[in-house]
Amino acid sequence: MAKVTDFKDYYTILGVDKKATPDEIKRAYRKLARKYHPDLNPGDQKAEERFKEINEANEVLSDPEKRQKYDQFGQYWNQVNQAGTPPPRSTGVGTATQGFDFDQYGDFDSFINDLLGRYSTPGETRGRTYTYRNTTGRTSDTDTTPGTDTEAAIALTFSEAFHGTQKRLQLDDETINVRIPPGATPGSRVRIKGKSHPSPFSQQRGDLYLTIEVLPHPFFQFEGDNITCEVPIRPDEAVLGAEIDVPTPDGNINVKVPSGVRSGQSLRIRGKGWKLPQGKRSDLIIKLQIVPPKDISPIEREAYETIQAHSNFNPRAQLQEVKL
C-alpha cells in the first residue's frame with residue numbers, strides 16, 4: 001500500500017518545472033545521469049541512490065501516459081498504472097479526477113475500488129476480496145489481468161555498450177543480474193521477462209524494458225550505424241600524404257592518408273566500426289583535420305617561406321568571380 005510519505009516529486013528530482021516540455025525533461029535527465037552515473041562515481045553510495053531516483057523520475061515523466069497519471073493521481077499514480085485506469089466516472093460537473101480529493105480515502109484499496117466501481121461481497125473482509133461490474137453488466141469474481149510492462153533507462157559507457165556487460169539492478173526487494181549483449185546502441189531496448197510490477201488482481205507480472213543510453217566518448221561518436229572520429233594531421237602530411245596510427249574500438253591501426261587531402265575530408269575504414277547483429281561490423285569514418293603548428297623551428301620557418309615564395313597554387317582563385 002502506498003503511503004503519502006512514499007511519494008516522490010519527480011519534477012524536483014530532475015530540477016524541472018511541472019510545465020516542462022519533453023525536450024527539457026530529456027536534457028535535464030541526461031545531464032544528471034552523466035553526473036551521478038555509478039561508473040563515474042565508484043563507491044559513492046549517495047551518487048548511486050541519486051542515479052536510481054533520476055532514472056525513476058525520467059521513466060515516468062518521459063512517458064506521456066505515465067506523466068498524465070502522475071499529474072492526476074498524485075501519490076496513487078503507480079497503483080493506478082499497475083491496475084489500469086478506466087474512464088473516470090461522471091460526477092455531473094466535469095471528470096472525476098479534476099480537483100479530486102484523495103484525502104477522503106483511508107488507503108489505496110478504498111480509492112481504487114471506488115474508481116473501478118467495485119462493491120464488497122457481504123460478509124467479506126474490507127479491502128480483501130471484491131466483486132466488480134464488467135462492461136457487459138455481469139459480475140466476475142476472477143481476474144486474469146496481466147501485469148503492466150515497465151520501461152526504465154540504463155546508462156552504459158562506450159566500452160560497455162561495444163563489448164557487452166552485466167549490470168546488477170535493484171528492483172524493489174529483488175536484486176537481478178542483467179546481461180547487455182555486445183553492440184548495444186542508443187535507444188535500443190533489452191527485455192527482462194516477468195520483472196515488472198504484478199497485477200494487483202491476477203498477480204501476473206509484466207516485463208521490464210531497459211532503454212539503452214550510451215554515455216558520450218571523448219573520441220568516438222555515433223553516425224547512424226557507423227562511428228566517427230576526428231584525426232588531426234600536419235600540413236605537410238596533407239600535401240605529401242602519410243601513414244598514421246588511428247585508434248579504433250579494437251586498438252590502433254595504420255591508415256594511409258592520400259596526398260592532397262582537404263581539412264574535413266573523410267576516410268572510410270570498412271568493418272572497423274560498431275558491432276552489428278550476426279557478427280557483422282559497421283564502418284569507422286575518419287574525419288581529417290589539418291592542424292598548423294603554433295611553434296616552429298627556424299628550419300621549418302625557412303621551409304615554409306621557401307614554399308610561399310615559389311608556390312603557384314592559389315586556393316582563392318575562384319573567389320574573384322564572386323558577385324552579388
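Cluster annotation: Ile290 is connected to Ile244 through the hydrophobic network of ILVMFWY side chains, with a link wherever side-chain heavy atoms come within less than 4.5 Å. In the hydrophobic cluster analysis, where Ile, Leu, Val, Met, Phe, Trp and Tyr join through side-chain heavy atoms closer than 4.5 angstrom, Leu40 is grouped apart from Ile180. Taking hydrophobic clusters as Ile, Leu, Val, Met, Phe, Trp and Tyr residues chained together by side-chain heavy-atom distances below 4.5 Å, Val239 does not share a cluster with Tyr304. Under a hydrophobic clustering in which Ile, Leu, Val, Met, Phe, Trp and Tyr are joined whenever their side-chain heavy atoms come within less than 4.5 Å, directly or via other members, Leu240 and Ile233 fall into different clusters.
With sequence neighbours left out, Asn41 forms a side chain to side chain contact (heavy atoms under 4.5 Å, CB included) with Asp44, Ala47.
For the residue pair Pro247 and Leu284, the shortest heavy atom distance occurs at O-CD2, 4.0 Å. Ile154 and Lys167 get closest at one heavy-atom pair: CD1-CG, 3.7 Å.
In this structure the side chain of Leu171 reaches within 4.5 angstrom of the side chain of Lys195, judged on heavy atoms. Contact check for Phe313 versus Ile307: no side-chain heavy atoms found under the 4.5 Å cut-off. The shortest side-chain heavy-atom distance between Leu210 and Leu169 falls under the 4.5 Å cut-off. Counting heavy atoms from C-beta outward, Pro293 and Pro235 have side chains that approach closer than 4.5 Å. Inter-residue side-chain proximity for Phe219 and Ile227 is flagged as unmet; no heavy-atom pair is nearer than 4.5 Å. Residues Thr248 and Ile269 form no side-chain contact, since every pair of their non-hydrogen atoms from C-beta on lies 4.5 Å or further apart. Within the 4.5 Å cutoff, no side-chain heavy atoms of Phe158 are placed close to those of Pro249. Side-chain contact check for Pro186 versus Ile212: every heavy-atom pair is 4.5 Å or farther apart.
In this structure, Glu24 places its CD atom where more than 12 heavy-atom neighbours from other residues, nucleotides or ligands lie under 6.0 Å away. Residue Lys275 qualifies as enclosed at atom NZ: its count of foreign heavy atoms under 6.0 Å is above 12. For Leu319, the CG atom is densely surrounded, since the number of other residues' heavy atoms within 6.0 Å is greater than 12. By the 6.0 Å contact criterion, CD on Gln318 is open, its count of non-hydrogen atoms from other residues, nucleotides or ligands being 12 or less. Summarising the local packing, CG of Asp236 is surrounded by more than 12 heavy atoms from other residues, nucleotides or ligands at distances under 6.0 Å.
Ring pair Trp274/Phe220: centre-to-centre distance not below 6.0 Å.
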* Report the C-alpha distance between Val214 and Phe222 in whole Å, list the side-chain angles of each, state the deciding distance to 0.1 Å, and finish with yes or no for side-chain contact (heavy atoms from CB on, under 4.5 Å). => CA-CA 10 Å; Val214 180; Phe222 283 101; 4.0 Å; yes
* Lys19 vs Asp17, salt bridge (Lys or Arg N to Asp or Glu O under 4.0 Å): CA-CA, chis, key distance, verdict -> CA-CA 5 Å; Lys19 296 181 180 180; Asp17 186 78; over 6 Å; no
* Please step through salt bridge (Lys or Arg N to Asp or Glu O under 4.0 Å) for the pair Lys52 and Glu56, ending with a clear verdict. => CA-CA 6 Å; Lys52 291 178 182 178; Glu56 181 180 338; over 6 Å; no
* Tell me, with the steps shown, if Leu61 and Tyr11 meet side-chain contact (heavy atoms from CB on, under 4.5 Å). => CA-CA 8 Å; Leu61 298 187; Tyr11 293 101; 3.8 Å; yes
* Take Arg34 and Glu213 through the salt bridge (Lys or Arg N to Asp or Glu O under 4.0 Å) test and state the conclusion after the steps. => CA-CA 10 Å; Arg34 293 189 186 102; Glu213 293 270 354; over 6 Å; no
* Tell me, with the steps shown, if Arg168 and Ile176 meet side-chain contact (heavy atoms from CB on, under 4.5 Å). => CA-CA 6 Å; Arg168 178 170 294 182; Ile176 64 172; over 6 Å; no
* To do: Kindly indicate, with the supporting measurements, whether the criterion side-chain contact (heavy atoms from CB on, under 4.5 Å) is fulfilled by Lys18 and Asp71.
  => CA-CA 9 Å; Lys18 289 187 176 181; Asp71 291 339; 5.8 Å; no
* Going through the checks in order, is the salt bridge (Lys or Arg N to Asp or Glu O under 4.0 Å) test met by Lys193 and Asp207? -> CA-CA 5 Å; Lys193 190 173 182 180; Asp207 298 334; over 6 Å; no
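Remark: of the listed residues Glu223, Glu230, Gln265, Glu223 is the sole one forming a side chain to side chain donor-acceptor pair (under 3.5 Å) with Lys287.
Side chain to side chain, Asn55 and Tyr36 fail the donor-acceptor criterion of an N or O pair below 3.5 Å. Of the N and O atoms on the side chains of Gln289 and Ser263, at least one donor lies less than 3.5 Å from an acceptor on the other residue.
Electrostatic pairing of Glu300 and Lys294 does not count as a salt bridge here, judged by no charged N lying under 4.0 Å from a carboxylate O. Using a 4.0 Å cut-off between charged nitrogen and carboxylate oxygen, Glu237 and Arg234 count as a salt-bridge pair. For the pair Glu151 and Lys66, the salt-bridge criterion is not met [side-chain N within less than 4.0 Å of a carboxylate O]. Salt-bridge check for Arg281 with Asp250: passed, with a basic side-chain N closer than 4.0 Å to an acidic carboxylate O.
Between the side chain of Tyr70 and the main chain of Tyr10, a donor-acceptor pair closer than 3.5 Å is present. A side-chain donor-acceptor contact under 3.5 Å links Ser188 to the backbone of Thr185. The backbone N or O of Asn58 sits less than 3.5 Å from a side-chain atom of Ser62, completing a donor-acceptor pair. Ser266 contributes no side-chain N or O that, together with a main-chain N or O of Ile285, makes up a donor-acceptor pair within less than 3.5 Å.
Rounding to the nearest 0.5 Å places CZ of Arg270 at 5.0 Å from CG of Asp283. Distance check: Tyr209 OH to Thr211 OG1 gives 10.5 Å after rounding to the nearest 0.5 Å. The structure places OG1 of Thr150 at 9.5 Å from CZ of Arg205, a figure rounded to the nearest 0.5 Å. Taking CZ of Arg50 as the reference point, atom CD1 of Ile13 lies at 7.0 Å (rounded to 0.5 Å). Between Leu208 atom CG and Ile192 atom CD1 the span is 4.5 Å, to the nearest 0.5 Å. How far OH of Tyr29 is from CG of Leu14: 9.5 Å, rounded to the nearest 0.5 Å.
Under the 30°/60° scheme for interplanar angles, the aromatic rings of His37 and Phe51 are found to stand perpendicular.
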